[in-house]
Protein chains: 2
Amino acid sequence: MITNVGDYLKSNDVKPSYQRIKILEFLMKSKDHPTVDTIYRNLISEIPTLSKTTVYNTLKLFIKKKITTAISIENSETRFDADMSVHGHFKCEKCDEVFDFDLDISNLKLDELKEYDIKQTHIYIRGICKNCKNV
Amino acid sequence: MITNVGDYLKSNDVKPSYQRIKILEFLMKSKDHPTVDTIYRNLISEIPTLSKTTVYNTLKLFIKKKITTAISIENSETRFDADMSVHGHFKCEKCDEVFDFDLDISNLKLDELKEYDIKQTHIYIRGICKNCKNV
DNA sequence: GTATCTGCAAAACATTTGCAATTCT
DNA sequence: AGAATTGCAAATGTTTTGCAGATAC
């Protein structure tokens, strides 16, 4: 459990600037895998001088430091997730929401990749979510 | 096994125009999940009047008709695949190639999604491929 | 002859880059 | 002061849109 975002950044070799702390705090409390634009729009009232460039820079840094992961699930905007555990993403084609789901990939047979160096495993499913299905 | 691409398009409710046939033929023989730009550049000598708009239009139609799938694996360009079977994609962070690998997802436990309507399952792995690892 | 398909040019977005101003120590 | 960070404005790259001309049945 992370108690202090500034210390958490420091422990990951990232200097905790005001913008970085606010962006990470927002990412950690978001459960909907926000885009750059969403992050920007949510923080601009609190940080009136914030620029999108800073959001881009910060997320690129977070990814490099493995604090955040980029989710490629649609071709338009990239989404971001501060939850680094392995879990799946479900994208509803109707409401466009992206949900997390737990996942046990331990018995995925990946014999073919034996000689490959695996860095990240991503699983995403597209379909219609529970809410949209019952409408 | 598909013997005639024109008939295959017809059977999927797509009128087999010259451009569509050539694009699908190229997609089917490509094993590297080409981008719009790659498809365009490979066909322009054979179809000098081809425009990228047509490539975009055609791929959008193919996806709608479930002849092709869009692979979201990087945030830049969308890649396309005419192989509609469930298989995984491995993206090498060094050489940027995307490889297919076989996959048995039958024992992926997806209890959480019981009430969801699953349309497509995508699995991609990022890392370093065999070739790049041994350099 | 009417529908559809194609392709050009322009527009719309997302993302990156160069650089100057600001901030932090 | 010096180094890193921020943010503006412009550039880049991908995808979409509007529309006119071409093509097919």
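Any value given below was found using the heavy atoms of this structure, including those in side chains, with hydrogens, waters and symmetry copies removed.
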Student: Do B/Glu93 and A/Gln120 have side-chain heavy atoms sitting under 4.5 Å apart?
Tutor: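 In contact.
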Student: What's the closest nucleotide to the side chain of B/Lys15 if the choices are C/dC5, C/dT6, D/dT5?
Tutor: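 Nearest to the side chain of B/Lys15 among the choices is C/dC5.
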Student: Whole angstroms only, please: what is the CD1-P distance between A/Ile21 and C/dT23?
Tutor: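 So the CD1-P distance, A/Ile21 to C/dT23, works out to 16 Å.
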Student: Is any side-chain heavy atom of A/Asp100 less than 4.5 Å from a side-chain heavy atom of A/His89?
Tutor: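 Yes. Closest side-chain heavy atoms under 4.5 Å.
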Student: Tell me the interatomic distance from A/Lys64, atom NZ, to D/dT5, atom C1', rounded to whole angstroms.
Tutor: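 Taking atom C1' of D/dT5 as the reference, NZ of A/Lys64 is at 14 Å.
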Student: Starting from C1' on D/dT6, measure out to CD1 on A/Ile23 and report it in whole angstrom.
Tutor: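 That distance rounds to 10 Å.
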Student: Please state how far atom CG in A/Leu43 lies from atom C1' in D/dG7, giving the value in whole angstrom units.
Tutor: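 These atoms are roughly 15 Å apart.
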Student: Check every strand shown and say whether B/Thr35 touches a base, only sugar-phosphate, or nothing at a heavy-atom separation below 4.0 Å.
Tutor: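 If one applies the 4.0 Å heavy-atom cut-off, B/Thr35 turns out to touch nothing in the nucleic acid.
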Student: Considering every strand and a 4.0 Å limit on heavy-atom distances, what is the contact class for B/Ser17: base, sugar-phosphate, or nothing?
Tutor: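 If one applies the 4.0 Å heavy-atom cut-off, B/Ser17 turns out to touch the sugar-phosphate alone, with no base involved.
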Student: Measure the distance from CG on A/Leu59 to P on D/dT5 and round it to the nearest whole Å.
Tutor: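 Nearest whole value for this atom pair: 15 Å.
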Student: Nearest-Å distance, CZ (B/Arg41) to C1' (D/dG13)?
Tutor: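 The answer, rounded to whole Å, is 13 Å.
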Student: Does OP1 or OP2 of D/dG7 have a side-chain N or O of A/Gln19 closer than 4.0 Å?
Tutor: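 A/Gln19 to D/dG7 OP1/OP2: side-chain N or O found under 4.0 Å.
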Student: Can you confirm whether more than 12 heavy atoms, excluding those of B/Lys119, are under 6.0 Å from its NZ atom?
Tutor: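 Counting other residues, nucleotides and ligands, NZ of B/Lys119 exceeds 12 neighbours.
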Student: Between atom CG in A/Leu50 and atom P in C/dT22, what is the gap in whole Å?
Tutor: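 Taking atom P of C/dT22 as the reference, CG of A/Leu50 is at 17 Å.
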Student: Consider only side-chain heavy atoms of I, L, V, M, F, W and Y, link residues closer than 4.5 Å, and tell whether A/Tyr124 and B/Ile125 are in one cluster.
Tutor: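 They do not share one cluster, since no chain of ILVMFWY contacts under 4.5 Å joins A/Tyr124 to B/Ile125.
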Student: Going by purine N1 to pyrimidine N3 plus the second Watson-Crick contact, or the G-U wobble pair, all under 3.5 Å, which nucleotide sits opposite C/dA3?
Tutor: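 No nucleotide pairs with C/dA3.
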Student: Who does D/dT23 pair with, Watson-Crick or G-U, both distances under 3.5 Å?
Tutor: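 WC or wobble partner does not exist here.
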Student: Could you list the protein-to-nucleotides 13-17 of chain C atom pairs, N/O on both sides, closer than 3.5 Å?
Tutor:
| residue | atom | partner | partner atom | Å |
| --- | --- | --- | --- | --- |
| C/dA14 | OP1 | A/Glu77 | OE2 | 3.4 |
| C/dT15 | OP1 | A/Thr78 | N | 3.2 |
| C/dT15 | OP1 | A/Thr78 | OG1 | 3.0 |
| C/dT15 | OP2 | A/Tyr56 | OH | 2.9 |
| C/dT15 | O5' | A/Tyr56 | OH | 3.3 |

Student: Could you give the NZ-to-P distance, from B/Lys22 to C/dT6, as a whole number of Å?
Tutor: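 Whole-Å distance recorded here is 14 Å.
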Student: Looking only at side-chain N and O atoms, does B/Ser51 come under 4.0 Å of OP1 or OP2 in C/dT6?
Tutor: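 Looking at the OP1 and OP2 atoms of C/dT6, neither is under 4.0 Å from any side-chain N or O of B/Ser51.
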Student: Is there a path of hydrophobic side-chain contacts, each under 4.5 Å between heavy atoms, that joins A/Phe80 and A/Leu50?
Tutor: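 Yes: a chain of side-chain contacts under 4.5 Å links A/Phe80 to A/Leu50.
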Student: Might you work through the salt bridge (charged side-chain N to carboxylate O under 4.0 Å, His left out) test for A/Lys65 and A/Asp13, ending with a clear yes or no?
Tutor: CA-CA 7 Å; A/Lys65 299 298 187 181; A/Asp13 192 31; 3.0 Å; yes
Student: Do B/Ile39 and B/Leu59 make a side-chain contact, defined as non-hydrogen atoms from C-beta onward lying under 4.5 Å apart?
Tutor: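 They are in side-chain contact.
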